[in-house]
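Okay, so here's the structure we're looking at.
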2 protein chains.
Amino acid sequence: MHEGVFRALADPTRRRILELLKAGPMTAGEIAAHFPSRQPTISRHLGVLKQAGLVFDERQGQYVIYHLNATVLQSWLQWLWDRWGGDHNT
Amino acid sequence: MHEGVFRALADPTRRRILELLKAGPMTAGEIAAHFPSRQPTISRHLGVLKQAGLVFDERQGQYVIYHLNATVLQSWLQWLWDRWGGDHNT
DNA sequence: TTGAGGTTTAGCAAAAAGGCTATATAATGT
DNA sequence: ACATTATATAGCCTTTTTGCTAAACCTCAA
């Protein structure tokens with residue numbers, strides 16, 4: 001169920017992308033500008049994140065805006081915690 | 001810092017190994033017996049988990065007993081939650 | 001010291017992941 | 001229709017990961 005999430009998070013660049021998006025939505029181009037990798041490379045990372053459900057995109061004119069999918073991230077974290085977390089009472 | 005953990009958890013077999021060890025320590029052989037893969041293959045997975053700090057081993061005679069390292073797992077989870085978790089008040 | 005059981009290491013082949021360039025697609029403005 | 005900007009896809013190459021077999025390494029018992 002959360003397999004894609006684990007795989008997606010395995011890459012440091014993808015984790016940094018999520019960190020970026022935590023601050024708010026961003027176009028693909030803006031995201032790419034934060035990394036040394038080429039635009040198509042980042043585009044593919046975004047694809048992996050999207051397929052994992054960690055982000056979603058929204059086309060706005062010629063731009064594609066990426067959003068963090070906090071819900072999926074949260075539910076994954078919850079699932080993790082349930083399985084491996086210790087005594088967090090709630 | 002937690003890079004090894006992310007990489008280690010990316011593989012489903014390794015995650016299942018951790019699940020197994022949650023129930024208690026186990027010898028390498030016992031662990032391997034739970035999987036279709038060959039024993040050397042599992043041995044290498046154990047090596048990856050060990051390097052990530054997620055398990056530690058203890059030789060007992062000819063056996064090598066693997067333990068889950070709950071501490072490392074916990075601190076990784078904590079770190080995750082601090083970064084991406086929502087409003088868990090504590 | 002030899003033998004057997006348990007585990008790891010080496011070395012290889014196949015598959016997956018990541019990066020790049022070139023090209024395609026989408027929307028915009030002229 | 002055409003050029004321009006933004007993004008995605010294709011195709012290629014290199015590196016990493018994974019699984020296997022064969023061989024080495026440890027420990028125990030005889």
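Each chain gets a letter, A, B and so on, in the order its sequence line appears, and its residues count up from 1.
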Subject >> Nearest listed nucleotide, side chain of Val64(B), among dT8(C), dA8(D), dA27(C) >> reply: dT8(C)
Subject >> Selected nucleotide, minimal atom distance to Tyr63(B) side chain, candidates dT21(D), dC20(C), dG6(C) >> reply: dG6(C)
**OP:** Report, as yes or no, whether the 6.0 Å neighbourhood of atom CD on Gln51(A) holds more than 12 heavy atoms from other residues, nucleotides or ligands.
**Re:** no
Original post:
Rounded to whole angstroms, how far apart are CG on Leu49(B) and C1' on dT8(C)?
Top reply: 15 Å
Original post:
On DNA chain C, nearest-nucleotide positions of Lys50(B) versus Gln60(A): which is more 5'?
Top reply: Lys50(B)
Subject >> Rounded distance in Å - CZ (Arg16(A)) to P (dG18(C)) >> reply: 16 Å
Original post:
Between dT21(C), dT9(C), dT18(D), which nucleotide gets closest to the side-chain atoms of Arg38(A)?
Top reply: dT21(C)
**OP:** Check whether any side-chain nitrogen or oxygen of His45(B) sits under 4.0 Å from OP1 or OP2 of dT17(D), and answer yes or no.
**Re:** no
Subject >> For the student: nearest non-hydrogen atoms of Arg15(B) and Trp84(A), plus distance >> reply: O-CZ2, 3.9 Å
**OP:** Mind calculating the distance between CD1 (Ile65(A)) and P (dA27(C)) to the nearest angstrom?
**Re:** 14 Å
Original post:
Does Thr27(A) have a side-chain nitrogen or oxygen under 4.0 Å from the phosphate oxygens OP1 or OP2 of dT7(D)?
Top reply: yes
**OP:** Verify, without hydrogens or angle tests, whether Lys50(A) (side chain) and His45(A) (backbone) share a donor-acceptor contact under 3.5 angstrom.
**Re:** no
Original post:
If you check every side-chain atom of Thr41(B), which of dC20(D), dC20(C), dG18(C) has the closest atom?
Top reply: dC20(D)
**OP:** May I ask you to verify whether the side chain of Gln62(A) and the base of dT28(C) hold a donor-acceptor pair under 3.5 Å?
**Re:** no
**OP:** Report yes if at least one side-chain N or O of Arg7(B) is closer than 4.0 Å to OP1 or OP2 of dT17(D); otherwise report no.
**Re:** yes
**OP:** Could you check how far CZ of Arg59(A) sits from C1' of dT28(C), rounded to whole Å?
**Re:** 11 Å
Original post:
Looking at Val5(A), Leu21(A), Ile17(A), which one forms a side-chain contact (heavy atoms from CB on, under 4.5 Å) with Leu49(A)?
Top reply: Ile17(A)
Subject >> Rounded interatomic separation in angstrom, taking CZ from Arg44(B) and P from dG6(C) >> reply: 22 Å
Original post:
Do the side chain of Arg14(B) and the main chain of Ala8(B) share a donor and acceptor less than 3.5 angstrom apart?
Top reply: yes
Original post:
Just how far, in rounded Å, is P of dT17(D) from CD of Glu3(B)?
Top reply: 11 Å
Subject >> Pair of N/O donor and acceptor under 3.5 Å linking dA8(D) base with Gln39(A) side chain >> reply: yes
**OP:** Please figure out whether Arg14(A) or Gly61(A) has its closest DNA chain C nucleotide nearer the 5' end.
**Re:** Arg14(A)
Subject >> Minimum-distance nucleotide (side-chain atoms of Pro40(B) versus dG19(C), dT21(D), dT7(D)) >> reply: dT21(D)
Subject >> Below 4.0 Å: OP1/OP2 of dA6(D) and any side-chain N or O of Tyr66(A) >> reply: no
**OP:** Go through dA8(D), dA17(C), dT18(D) for me and flag the one nearest to the Asp11(B) side chain.
**Re:** dT18(D)
Subject >> Whether Arg7(A) side chain and Leu9(A) backbone form a donor-acceptor pair below 3.5 Å >> reply: no
Subject >> Residue mapping more 5' on DNA chain D - nearest nucleotide basis, Val48(B) or Ser43(A) >> reply: Ser43(A)
Original post:
Just how far, in rounded Å, is P of dA27(C) from CD of Glu58(A)?
Top reply: 14 Å
Original post:
Could you give the CD1-to-P distance, from Ile17(B) to dT7(C), as a whole number of Å?
Top reply: 13 Å
